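Input: a single structure, listed below in C-alpha cells.
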Protein chains: 2
Amino acid sequence: MARKSAAPQRRTDQLSRDTIVAAAIDLLDASGEDGLTFRALSERLSTGAGAIYWHIANKNELLTAACDALIARTLTMSATAATPEDTIRALALNLFDAIDAHPWVGSALARALGQMPMVRILESLGRPIRDLGVPARDQWTTVGALLNYILGVGGRNAANGQLARTQGLDRSDFLETVSAAWSGLDPVAFPFARGLAAQVRTHDDREDFLAGIDLILRGIAAPRPRRRG
Amino acid sequence: MARKSAAPQRRTDQLSRDTIVAAAIDLLDASGEDGLTFRALSERLSTGAGAIYWHIANKNELLTAACDALIARTLTMSATAATPEDTIRALALNLFDAIDAHPWVGSALARALGQMPMVRILESLGRPIRDLGVPARDQWTTVGALLNYILGVGGRNAANGQLARTQGLDRSDFLETVSAAWSGLDPVAFPFARGLAAQVRTHDDREDFLAGIDLILRGIAAPRPRRRG
DNA sequence: AATAGTATGGAACGACGTTCCATTAGGAGC
DNA sequence: GCTCCTAATGGAACGTCGTTCCATACTATT
C-alpha cells in the first residue's frame with residue numbers, strides 16, 4: 001500500500017545533546033564559525049533540523065555548549081603550579097592555546113556572558129587570586145581585569161581566524177599587509193603606529209599575551225594608592 | 001509611449017559614502033547590530049541595494065567605516081590631561097562611554113583588526129605611554145595589553161547590548177538572573193563564583209573598567225623583573 | 001489493542017548578503 | 001546640436017541561513 005511519501009528511514013541510535021555538541025565542535029574546527037550550520041549539522045548526523053531542535057534551543061545555545069565543552073576540557077588540564085602567579089600564567093597560556101587552536105571559542109566566549117564557560121574561567125582564576133593575598137573587596141575587579149584581557153585577546157584571535165578563512169590569506173600574508181599599511185601612514189598624524197609597523201611583522205602572539213599577563217600580575221602585586229573618603 | 005516597466009524615480013542628490021555611513025550609524029544606534037541590513041538601509045536612503053554597493057564593498061567594510069567614524073569622533077574629544085596616567089584614564093573612559101552608548105562599536109572593533117579604528121586608538125595611547133617613560137622595546141606589549149583589555153570590555157558590552165535587545169530584558173533583569181544562577185552553583189565546585197554572586201547585582205561597570213585601567217597602569221609603573229639571558 | 005508522550009526527518013517560511021541588469025543623468029568630443 | 005561613454009542608480013533575483021511546522025514513527029503504559 002502506497003504512502004503519501006516515502007517513509008524517512010529512522011535511525012536506531014538515539015540522538016543526544018552530547019552527540020550534537022561533539023559534531024558541532026568538529027564542524028567549527030574544520031570550517032570555522034561559518035561552518036556551523038544546521039544544514040551541515042543535519043547532514044553530518046544524518047538527520048533533519050527538526051530533530052536537532054528537539055535537543056537544542058537554538059544556534060546560540062549550541063555554540064555556547066560547544067564552547068563550554070572545550071573550555072571545561074582545557075581547564076581540567078590546568079593543575080596548580082608552584083606559586084599563584086605561575087598558576088595564573090599556566091592557566092592563561094592553556095586558554096590562549098585552546099583559543100589559538102579553536103579560534104571560534106574566542107567569539108563564542110564573548111557571547112556567553114554570565115554562563116557556564118565564563119563561570120569556569122572565573123572560578124579557576126579565583127583560587128590563585130585569593131592565594132595571591134588580594135583582599136576580598138578587590139577580588140571582583142582583579143579577576144575582571146584578567147578576564148577582560150583574556151577575552152580581548154580571544155576576540156582578536158577569533159577575528160584573525162575568521163579573516164584568514166574568508167580572505168583566504170594566511171597569517172604571515174595578513175601581517176605583511178598590515179605592516180605595509182602602517183608604514184604608509186601619515187608620519188605627522190600617526191608617528192607611534194608607524195614606529196610599530198616593524199613589530200607587526202615580527203612579534204609573537206603567545207609571548208605578547210604572556211607579557212600582558214605578567215604586566216597585570218605586576219599591577220596586582222603593586223601596592224594600591226590610598227582610597228579617598 | 002509605454003515602457004516595459006515603470007521607470008524608477010531617480011534621486012537628484014548624489015549618494016555618497018559618508019551619507020551611507022551616517023545612515024548606517026543611525027540604524028545601528030536605533031536597532032543594534034541586527035538593525036543594519038541592506039534592506040533597511042535601502043529604504044532609509046530611498047534607493048536600492050545595488051546603488052549602495054557602488055560605494056561600499058560589503059557589509060563588513062560598512063560596519064568598520066561606521067565604527068571608525070564614531071571612534072574618530074570620540075578620540076578628538078580627548079585632550080591631554082595633567083599626567084600621562086590621567087590622559088590614559090580619560091581616553092579609556094571616553095572609549096568606554098562611547099562603546100556603552102553604542103554597543104555595536106564593541107563588536108565592530110573586534111573585527112577591524114589592523115584597520116583604521118584600531119590604529120587610531122593605538123596612536124592615542126602611544127603618546128602618553130611614551131610619556132610614562134616606557135622604554136621603546138616594551139611599548140608594543142604595553143599598548144597591546146591596554147588595547148586588549150579595552151577590547152575585552154568592549155566585546156562584553158556589545159554582547160550585553162545584543163542580549164538585552166534580543167531577549168527583551170533590560171540590564172538589571174539580566175544581572176538579577178545571572179546573580180541568582182551563580183548563587184545556585186555547587187558550593188564545592190564553584191565557591192569563588194558563588195561568592196561573587198552578590199557583586200554581580202551591585203557592581204558598576206564604569207567603575208570596574210576604570211579600576212582595571214588603574215591596575216594595568218600600576219603594572220606599567222612597577223619595575224620589571226630582570227630578564228633571563 | 002489503544003493511547004499518550006517522546007523523538008525524528010524533511011519541507012516550508014521569511015530574512016539576509018550579495019549579484020545582476022536594465023536604465024538613466026551628465027559630460028566629452030565632434 | 002548630437003552621439004558616446006562612463007558613473008551611478010534602483011530593484012529584481014539568487015542562494016543560504018536560522019527557525020518553525022508537521023506528518024510520521026517508535027516506546028512505554030494501560
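By convention in this document, chain letters (A, B, ...) are assigned in the order of the sequence lines, proteins followed by strands, and residues within each chain are numbered from 1. Only a predicted model underlies this, so the values are computations on that prediction, with no experimental measurement involved.
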Between [X] and [Y], does at least one N-O distance fall below 4.0 Å, as a salt bridge requires?
X: A/D68; Y: A/R73; result: no
X: B/E33; Y: B/R111; result: yes
X: A/E123; Y: B/R194; result: no

Go nucleotide by nucleotide along DNA chain C from the 5' end; which of B/G50 and B/K59 gets its closest nucleotide reached first?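 Per heavy-atom nearest nucleotide, the more 5' residue is B/K59.
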
So with a 6.0 Å cut-off around CZ of A/R127, is the heavy-atom count from everything else above 12?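 For A/R127, atom CZ is not crowded (no more than 12 foreign heavy atoms under 6.0 Å).
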
If the condition is side chain to side chain contact (heavy atoms under 4.5 Å, CB included), which residues does A/D204 pass it with, not counting sequence neighbours?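 Here the qualifying residues are A/R206, A/E207.
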
Rounded distance (Å) that lies between atom [atom2] of [N] and atom [atom1] of [X]:
X: B/D34; N: D/dT19; atom1: CG; atom2: P; value: 11 Å
X: A/F38; N: D/dT20; atom1: CZ; atom2: P; value: 10 Å
X: B/R11; N: C/dG26; atom1: CZ; atom2: P; value: 14 Å
X: B/I52; N: D/dT9; atom1: CD1; atom2: P; value: 10 Å
X: A/N58; N: D/dG18; atom1: CG; atom2: P; value: 11 Å
X: A/I56; N: D/dT19; atom1: CD1; atom2: C1'; value: 14 Å
X: B/Y53; N: D/dC14; atom1: OH; atom2: C1'; value: 13 Å
X: A/E61; N: D/dG18; atom1: CD; atom2: P; value: 15 Å

Phosphate contact (C/dT8 OP1 or OP2) by A/W54 side-chain N/O below 4.0 Å: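 So the side-chain polar atoms of A/W54 never come under 4.0 Å of the phosphate oxygens OP1 or OP2 of C/dT8.
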
Would you tell me if any nitrogen or oxygen in the side chain of A/H55 comes within less than 4.0 Å of OP1 or OP2 on C/dT6?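 Result: no.
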
When you compare the side chain of B/T141 with that of A/H203, does any pair of heavy atoms fall below 4.5 Å?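 No - every pair of side-chain heavy atoms lies 4.5 Å or more apart.
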
Taking only heavy atoms on the protein side, list every residue of residues 39-49 of chain B lying under 4.0 Å from any atom of DNA chain C, sorted numerically.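 Close to the strand are B/R39, B/A49.
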
Can you list the residues that meet the ring pair (Phe, Tyr, Trp, His ring centres under 6.0 Å) rule with B/H55, with sequence neighbours excluded?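 Here no residue qualifies.
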
Tell me whether the side-chain N or O atoms of A/R10 pair up with the base of C/dT8 as donor and acceptor below 3.5 Å, since no angle test is needed here.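 Checked by distance alone, the answer is yes.
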
